[in-house]
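Note that the structure is a prediction, hence the values are computed from the model and not measured. Only this structure's heavy atoms are used, side chains among them; waters, hydrogens and symmetry mates stay out. Numbered from 1 within each chain, the chains take letters A, B, ... in sequence-line order.
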Amino acid sequence: MTTILDELRWRGLLYESSDGLEETLARERITLYIGFDPSADSLHIGHLLPLLTLARFQRWGHTPIALAGGGTGLIGDPSGKTHERPLLSKEQVAANVESIKRQLAQFLDFNAGDHSAKLLNNADWLTRLSLIDFLRDVGKHLTVNYMLAKDSVRARMASETGISFTEFSYMLLQAYDFAYLFEHHGCKLQAGGSDQWGNITAGIELIRRAFGQRAYGLVYPLVTKADGTKFGKTESGAVWLDPKRTSPYRFYQFWYNVDDADVGKYLKYFTWLSAAEIEELEQSVTQHPERRAAQQRLAREVTRMVHGETALARAEEASQALFGGALTSLSAEDVADIFEDVPSSTLPRHELSGEGVALIDTLVRCGIATSRSDARRAIEGGGIYINNVQSADAARRLTINDSIDGQFIVLRKGRKNYHLIRLV
RNA sequence: GGGUCGGUACCGAAGUGGCCAAACGGGGCGGUCUGUAAAAUCGCUGGCUUACGCCUUCGCAGGUUCGAAUCCUGCCCGGCCCA
C-alpha cells in the first residue's frame with residue numbers, strides 16, 4: 001500500500017504524524033485542513049509549504065480545506081513566539097483575510113468533484129461563540145494542567161514577559177476549530193508546521209473527549225538553511241507571493257540564488273518534480289555546480305506556480321538582460337519592462353542637454369550614494385555602472401547621449417543594485 | 001551613599017599632549033577571480049562645488065596650552081566592590 005505519506009516521506013516533509021494515520025489514509029479518502037494566520041495582507045513563501053501540502057493531498061484524492069484565521073487572528077498564536085504580540089485591529093484582520101483568501105484559492109482545485117477544495121474562515125464560527133458556551137463546551141474538556149504542559153506555553157511561562165490569558169487561550173480556539181471542522185465537514189486531519197504540533201494535538205484531544213472519536217495530526221518540518229540564517233528573508237525583507245510586494249523578477253532571483261547545499265531539499269519541498277528528476281538535478285549540482293541547473297529549475301518551477309507562465313518568461317528575460325551584459329541593445333520598452341520593480345527616480349530631460357549633470361550628484365540624488373564623498377569613492381572604486389558599463393571617472397557627466405532612447409538611464413552600484421532614472 | 005574601573009567611528013578595541021579623521025579586528029560596501037555561489041585577494045568605510053586644502057568628530061560642558069581623544073574642573077551614563 002502506498003499513501004501520500006510515502007510521498008511526503010521521500011520529500012522530507014513528514015516530521016511527525018499521529019499513530020494510525022497511515023492506515024486510515026490507506027483505507028479512505030479524507031478531509032484535512034491547514035490554518036493560515038492573517039497577520040499580513042499577503043502570504044509569503046513561508047506559506048508555500050502548507051499550500052503545497054494541501055495541494056498534494058488533493059492530488060491523492062483527499063479533500064483540502066484552507067482555513068483563514070479571521071477569528072484566531074484576533075487573538076494571536078503564542079507558538080514559537082517569545083513575546084506577547086500586539087493585537088491587530090478587527091478591521092485589519094478582516095482586510096487581511098480578504099487578501100489572502102484570493103491567494104489561497106489560487107493553489108487549490110475547486111472543481112475536483114467530490115474532493116473539491118474548500119476555503120473557510122474561522123471568524124464565521126469563532127466570533128459567534130459565546131463565552132459561556134465556550135467554557136462549557138470547550139474549556140471543560142481540557143485541563144489547565146494539559147495546557148501548561150505544552151511547549152509553547154511552558155516557554156512563555158519561564159520568560160519574564162509571561163503570557164496573557166488571551167494568548168494562553170489560543171490553543172483552545174484552534175482546538176475548537178478542528179472539532180468544528182470535524183463535526184461539520186468531516187475533517188479528520190489537521191496538518192501544519194512542526195511548531196503547530198501542540199495546538200494540533202489539543203484539537204485531537206478535544207475531539208476525542210467531546211465526540212469520543214479519533215482525529216489525526218501531521219506536521220512538516222520548519223524550513224531551514226544550511227548556513228543557519230532564516231529561510232525566506234532577504235535584505236529587503238520577506239519574500240511575498242503578492243507580485244506588488246515582491247516582483248516576479250525578485251521572486252525568481254530569490255530561488256535562483258539558493259545555496260547549493262539547500263537546493264535539493266527545496267526542490268523536494270517546493271516543486272512537483274519526481275524523485276528521479278530531483279535526483280538528476282542533485283547530481284548536476286555535484287558535477288557541474290557552475291551550471292546551476294538545479295537552482296534554475298527550482299526558480300522556474302516555483303515562479304511559474306506562483307506567478308504563471310508569462311511572469312516567469314519576463315523574469316527570465318530580465319535576469320538574462322541584467323546579468324548578461326550591456327544594455328545598449330535594449331529598447332526603451334524592454335528597459336521599462338525589465339526594471340519595472342527596480343527603485344527609480346525621475347530627472348527632467350532638459351538637465352541632460354549640453355554639459356549635462358554630474359554623475360556624482362545624480363548618485364546622491366537618487367540615493368545610491370549617501371553623500372558626495374561616498375559617491376566619489378564608489379565611482380573611483382569601480383563600483384558604478386551606467387547602463388551596465390563601468391564608469392570609474394569621478395568627473396563623469398551624464399548627457400542625453402547616455403540615455404536609452406532618450407527615456408531612461410540605468411545606474412548600478414556593485415553587482416545587483418540597480419536604479420532606473422526616468423527622463424521626463 | 002562610599003570606593004573603583006570605564007565611556008573612542010556601525011560593533012569590539014588601541015591610542016594617555018603635536019607624526020590622529022584616529023592603529024587593529026569584525027561587520028558593511030565595492031573591485032578582481034568565479035557559478036548572480038563559497039573561498040581567496042585588493043580597495044573603501046565622517047563631511048565639503050570638486051580636495052598633499054578646509055570643516056566637524058573620541059560621553060557632555062567648561063578650562064590649561066602655540067597645540068588636547070590625550071592634562072585639569074564640574075556634570076551625565078555604565079561595570080564591579082563596599083554600605
Could you measure between the two [atom1] atoms, the one in [N] and the one in [M], and give it in whole Å?
{"N": "B:G7", "M": "B:C58", "atom1": "C1'", "answer": "10 Å"}
{"N": "B:G28", "M": "B:C11", "atom1": "C1'", "answer": "11 Å"}
{"N": "B:G59", "M": "B:C10", "atom1": "P", "answer": "13 Å"}
{"N": "B:G79", "M": "B:G47", "atom1": "C1'", "answer": "35 Å"}

Nearest listed nucleotide, side chain of [X], among [options]:
{"X": "A:K413", "options": "B:G35, B:G30, B:G31", "answer": "B:G30"}
{"X": "A:R377", "options": "B:A37, B:G47, B:G35", "answer": "B:G47"}
{"X": "A:S373", "options": "B:G35, B:C48, B:C44", "answer": "B:C48"}
{"X": "A:Q390", "options": "B:U36, B:U32, B:A37", "answer": "B:U32"}
{"X": "A:N257", "options": "B:G30, B:U36, B:G35", "answer": "B:U36"}
{"X": "A:K416", "options": "B:C48, B:A37, B:G35", "answer": "B:A37"}

- request: Would you please say whether a donor-acceptor pair under 3.5 Å links the side chains of A:D260 and A:Q295?
  value: yes
For [X], which contact category applies under a 4.0 Å heavy-atom criterion: base, sugar-phosphate, or nothing?
{"X": "A:N417", "result": "sugar-phosphate"}
{"X": "A:R292", "result": "base"}
{"X": "A:Y385", "result": "sugar-phosphate"}
{"X": "A:R376", "result": "base"}
{"X": "A:Q253", "result": "base"}

Does any nucleotide pair with [N] by Watson-Crick or G-U wobble geometry, both distances under 3.5 Å, and what is it?
{"N": "B:C71", "answer": "B:G63"}
{"N": "B:G1", "answer": "B:C82"}
{"N": "B:U41", "answer": "B:G31"}
{"N": "B:C10", "answer": "B:G26"}

- request: Kindly state whether the ring of A:Y249 and the ring of A:F339 have centres lying under 6.0 angstrom apart.
  value: no
message: I want to know whether A:F270 and A:F231 have ring centres closer than 6.0 Å.
response: yes
- request: Please step through side chain to side chain donor-acceptor pair (under 3.5 Å) for the pair A:Q190 and A:Q196, ending with a clear verdict.
  value: CA-CA 10 Å; A:Q190 181 183 176; A:Q196 289 298 311; over 6 Å; no
field: Ion pair A:R297/A:E301, N-O distance below 4.0 Å
entry: yes
- prompt: Taking for each residue the nucleotide of RNA chain B bearing the nearest heavy atom, is the 5' side occupied by A:Q295 or by A:G382?
  reply: A:G382
- prompt: Counting only side-chain N and O atoms of A:R415, is one of them less than 4.0 Å from OP1 or OP2 of B:U32?
  reply: no
Distance under 6.0 Å and angle within 45° of ring axis: A:R56 vs A:W272: yes
